[in-house]
Number of protein chains: 2
Amino acid sequence: MSHSRRQPLPNPLTVPERALPDLPLRQALRFEPGRPLADFDPAATPGYPGRGKSDAAELTDLIRPALDQWQERLFADGKERGSAANSVLVVLQGLDTAGKGGIVRHVFGLFDPQGLRLASFKQPTPKELSHHFLWRIRRQLPEPGLIGVFDRSHYEDVLVVRVDQLVPADQLDRHYDEINRFEAELVDQGTRLIKCFLNVSPEEQKRRLLARLTDPAKWWKYSTNDVKVRAKWPAYQEAYQVALDRCDQPAAPWYVIPSDRKWYRNWAVAMLLLEELDDLAPTWPAPDYDVAAELARVRSS
Amino acid sequence: MSHSRRQPLPNPLTVPERALPDLPLRQALRFEPGRPLADFDPAATPGYPGRGKSDAAELTDLIRPALDQWQERLFADGKERGSAANSVLVVLQGLDTAGKGGIVRHVFGLFDPQGLRLASFKQPTPKELSHHFLWRIRRQLPEPGLIGVFDRSHYEDVLVVRVDQLVPADQLDRHYDEINRFEAELVDQGTRLIKCFLNVSPEEQKRRLLARLTDPAKWWKYSTNDVKVRAKWPAYQEAYQVALDRCDQPAAPWYVIPSDRKWYRNWAVAMLLLEELDDLAPTWPAPDYDVAAELARVRSS
């Protein structure tokens, strides 16, 4: 499919033209290795076909039936073909308040929970630390037919690990290559990777941290560690720059999601998913039984 | 809370009176041991406060904000208090086409996926069979703060196992007591159990099986085994009767959900969840830090 307005999605998954971006988001938001992250405006809204916040819910509703149908086909294909079926894995990375949780709620909340596989990666446990850093990641990969979401991921091992110098430099250096090999392997096995760097500005992060502290319903989301991490902003930007530069591959691309506007951020991730699913275009499985014979059996049952 | 129309939910979780049943569904749908399942009408709509299918979506939308808020509070409480927090576990049991998958999609799709823990129990694997029948169940229990959903459950070990005589009679007999002890232990640990028998009529099952066979988008949901199981209808009814009679406890109640009308079935499970959450009434955690001091830290960061 093309997302140009001249080539709408094929039936029966037609999305109204007015809900589609001019340029596919997979192009508009694609990171190019070497490009400074500082070039990306966290408040931009590339490709957004509407007016702004006021019609974001409506435009999301317009793509929801297609997302739903693709997901169900993917799921059905997984049931039918097992490990020969595809899966999708969305990697969410970003600093505190960038919106990982918000995307899980608002974007993945659009899907049938049955077809989702969520994983959230915190500080590694002692058991996890006793293994290779990819060990705990492999255990949480989406099964064929599922859409997986990683709230943080194996990239923590080149982000916090780099910033806080948790492993020797030569070991850190190997992590990038290991990640590239790991992701290439996933792609070979039929997983579509959508890696999202949620790009939030320090000013917006400050507003969100203050909002958490001034609303008792958000106190639980705040950690005293957040300010400590915030103080390392330049080091994290550098670590993200290196991670994106070294671990962007054609089949395992990074997208930079402008995340100062929550409505855009959510819409953009939903649209990236739609484009990926539309490209995969799973079909309903053929029956592995004789339909006419089964109809007769059920009728006489 | 009471669900009588005279005692609406407390703010801020007020649900409009017109969206609440006259009698709490936890009373209206409660199974009583000894009552024949044949007494329950699969097409009934007990407690439904609206007109019927035409306003089911609207009435569900009206309870959605309360469901959402309770879930987030439960989740926050789990983050804060760990194993001291509550969890909820919904057990879905019913014959093929009764609607286990439909409930996961339409009811649990209402929630933030982050707060859900789904588990689907198929034919046990050889590894699972080498363990006690509750082994695989324990591994899938919802963590504190989560809402768990079991699509089939430990009850399979007194349902298919009874009907197909997969274990000796004395061993089967012990399963009921083991289930009761297991569930009592879960309740002691803070889990609220909502056990739902999805009561579908043989006529409606036939219609749904035929619908699956006549729609290529549903072929994948049909298995040639479905008719074989359907032929054992009386044996399954007897097995369900014994399971409900023997494994209904005040703190681990069974509900009989009339399931011939999908819109009612989904609404009823959502309302049972609302009543349970409302009874738990989790509160936002108190901060484990000095709010004023943190506000100052963030402001100067």
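As the structure is a computational prediction, the values presented were derived from the model and not from experiment. The analysis underlying the following values was restricted to heavy atoms, covering all of them including side chains, and did not include hydrogens, waters or symmetry mates. In what follows, chains carry the letters A, B, and so on, assigned in the order in which the sequence lines appear, proteins first and then strands, with residues in each chain numbered from 1.
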Does [X] pair with [Y] as a salt bridge, N-O distance under 4.0 Å?
{"X": "B:R105", "Y": "A:D68", "result": "yes"}
{"X": "A:D164", "Y": "A:K232", "result": "yes"}
{"X": "B:R207", "Y": "B:E203", "result": "no"}

Most heavy-atom pairs under 4.5 angstrom with chain A, which of [options]?
{"options": "B:K79, B:E80, B:K206", "answer": "B:K206"}
{"options": "B:G109, B:A293, B:A76, B:P285", "answer": "B:A76"}
{"options": "B:L295, B:L110, B:V149", "answer": "B:L295"}
{"options": "B:L118, B:L116, B:D151", "answer": "B:L118"}

- Query: Does any pair with a residue in residues 282-292 of chain A pass side chain to side chain donor-acceptor pair (under 3.5 Å), and if so which ones, sequence neighbours excluded?
  - Reply: none
- Pairs meeting criterion side chain to side chain donor-acceptor pair (under 3.5 Å) with involvement of residues 210-222 of chain B, two or more places apart: A:E294-B:Y222
- Query: Measuring from A:I147:CD1 to A:S87:OG, what's the distance to the nearest 0.5 Å?
  - Reply: 9.5 Å
- The interface call for A:K228 against chain B, heavy-atom contacts under 4.5 Å, is both
- Proximal component of B:R297, with respect to chain A [non-hydrogen, under 4.5 Å]: both
- chain A heavy atoms under 4.5 Å from B:P113: which part of the residue, side chain, backbone, both or neither? both
